[in-house]
2 protein chains.
Amino acid sequence: MAGLRESILRTSLELFEQKGFHGVTVNQIVAASNTSKGGFYHHFQSKDELLFVIHDTFITYVLKEANAANEIHKSPIKKIQSIIKAFVKVFDLYKPHISVFYQESNYLKPEYEEQIKRKRDAFKQMVFQVIEEGQETGDFRKELPMEITGMAILGMVNWIYKWYTPKGKYTIDEIADVYVDIILHALLTTNVVSEENFQAHMLERPFFTEKK
Amino acid sequence: MAGLRESILRTSLELFEQKGFHGVTVNQIVAASNTSKGGFYHHFQSKDELLFVIHDTFITYVLKEANAANEIHKSPIKKIQSIIKAFVKVFDLYKPHISVFYQESNYLKPEYEEQIKRKRDAFKQMVFQVIEEGQETGDFRKELPMEITGMAILGMVNWIYKWYTPKGKYTIDEIADVYVDIILHALLTTNVVSEENFQAHMLERPFFTEKK
DNA sequence: CAATACAGACCAACCAGTCGGTCTCTCAAA
DNA sequence: TTTGAGAGACCGACTGGTTGGTCTGTATTG
């Protein structure tokens, strides 16, 4: 039998996603994991710690991915594409985590909340940073207020957890393509967009464009 | 003394926003509203009904506003602006409602959930509809998949509830201006954007552009 | 023989909802 | 004008069920 701890994490995640953190009792988790109260409390201090662990694994992963994406490229145009693509793809891997994360984050106990908040802020700052860079280099339109634009992007992507399903009409990569396209069209200065070499700025050719 | 029912709604809303639906007991609501268990259950069948009422007043309002915005204009370009502006502004009026709505909507009892879902879907369909129209008239880029684009817009706006505060750096109208600008730049066909009469399509001049 | 991993009966706290009762206001009969 | 009956608004002690968490005991592993 594989690690009980992992098993508890997996099953509780499913349950939380369906019914919410408060809609699931420890007894239900225990039953679904084929274990007992003792088993559960051997691995977790409390139900709240379980919630924290779910939050933390996800946010840690996102932060790491985004950092990597950020470091690979130098130009802000490519940085933002890279970050967005990585960010969107995370929803394919961690959708249940993310759902629980955003639905129940204000039930986190203060001691846990602070740790999560720090990582979340780091991620946000990174996005802001890239936008600012792009405005300084002249790639992004300077008239857009950085904070509002940043939150628009974050919101757009984060909302994916509300509607994305792997069985849906579009794959996560296709969604990422469209999001990158939307954001670039919104951010890039008009002369960059209107030039026919818009494509030259793309990391990859988006799925919805034809090859000539 | 003003209506107790309204008083309960107001105070419970504040409490829910701070601590979440499950973080607040009926006794706390009752205490904060200067009433009693009896008073509460005289006006509401259950705590769940209270949650429903909060959801419903908000979603009903949004739907009404969007419908109005949709009917005033004929061109898709103006329709989408109008809808987005109305939609964004709602966050100024109903932020607590919306926070509770999005955080706790999966705790709604089935009988309530259906009613809410119907109205929410109607709103979503309206946005999809306008995008499709715009693509047919040639104003919006046809290569963007309608569903993904629609969800991107909805996500962008909906996320406002996570960060907007009336005391913030930007007013709700300024945020609305930026969002309209971002979305139009993303949607409009390049020849429409690059034409210097981009401004001609705007319902109003955004706050961040200079008058000449 | 430790030490770790798990089992499951048990408990104390909590919480939504109930229920018998009171207070006040209205309106019509006397 | 007085009375009194009825209805709606509100009170608050109480309850029955649930839930997170504990504790003692047992199996297994090294």
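The structure displayed is predicted, hence computed values, not measured ones. Below, read A as the first sequence line, B as the second, and so on, with proteins coming before strands; counting in each chain starts at 1.
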Quiz prompt | NZ (B:K78) with more than 12 external heavy atoms under 6.0 Å | solution = no
Quiz item: Would you say the side chain of B:K37 and the base of C:dG17 hold a donor-acceptor pair, judged only by whether the two atoms sit under 3.5 Å apart?
Solution: yes
Quiz item: For the pair made of CD1 in B:I8 and P in C:dG17, what is the distance, rounded to whole Å?
Solution: 14 Å
Quiz item: Under 4.0 Å between a side-chain N or O of A:T35 and OP1 or OP2 of C:dA7?
Solution: yes
Quiz item: Do any N or O atoms from the side chain of A:T60 and from the backbone of A:T57 form a donor-acceptor pair under 3.5 angstrom?
Solution: no
Quiz prompt | Distance, rounded to the nearest Å, where A:K47 contributes NZ and D:dG20 contributes P | solution = 4 Å
Self-check item: Partner of B:D121 by salt bridge (charged side-chain N to carboxylate O under 4.0 Å, His left out), out of B:R118, B:K117, B:K119
Solution: B:K117
Quiz item: Of all the choices, D:dG20, C:dC6, C:dG17, which nucleotide is nearest to the side chain of A:S36 once you look at every atom?
Solution: C:dC6
Practice problem: Scan B:V30 against the nucleic acid and name what it touches under 4.0 Å (heavy atoms): base, sugar-phosphate only, or nothing. | Solution: nothing
Exercise. Measure the distance from NE2 on A:H42 to C1' on D:dG25 and round it to the nearest whole Å.
Key: 15 Å
Quiz item: B:F44 has an atom CZ; how far is it from atom C1' of C:dG17, in whole Å?
Solution: 15 Å
Practice problem: In whole angstrom, give the distance that lies between atom CZ of B:F40 and atom P of C:dT18. | Solution: 11 Å
Quiz prompt | Geometric cation-pi criterion B:K47 and B:F21, 6.0 Å radius, 45° cone | solution = yes
Exercise. Measure from CG on A:L4 to C1' on D:dT29 and round the result to the nearest Å.
Key: 16 Å
Practice problem: Nearest-nucleotide wise, let me know which of A:H43 and A:N27 is further upstream toward the 5' end of DNA chain C. | Solution: A:H43
Quiz item: Are A:Y112 and A:H55 close enough that their ring centres sit under 6.0 Å apart?
Solution: no
Self-check item: Value in whole Å for how far the C1' atom of D:dG20 lies from NE2 of A:H22
Solution: 12 Å
Quiz item: Quick one: on DNA chain D, does A:Q45 or A:Q28 contact a more 5' nucleotide (nearest heavy atom)?
Solution: A:Q28
Self-check item: Atom-pair distance (NZ on B:K109; C1' on C:dG17), nearest Å
Solution: 11 Å
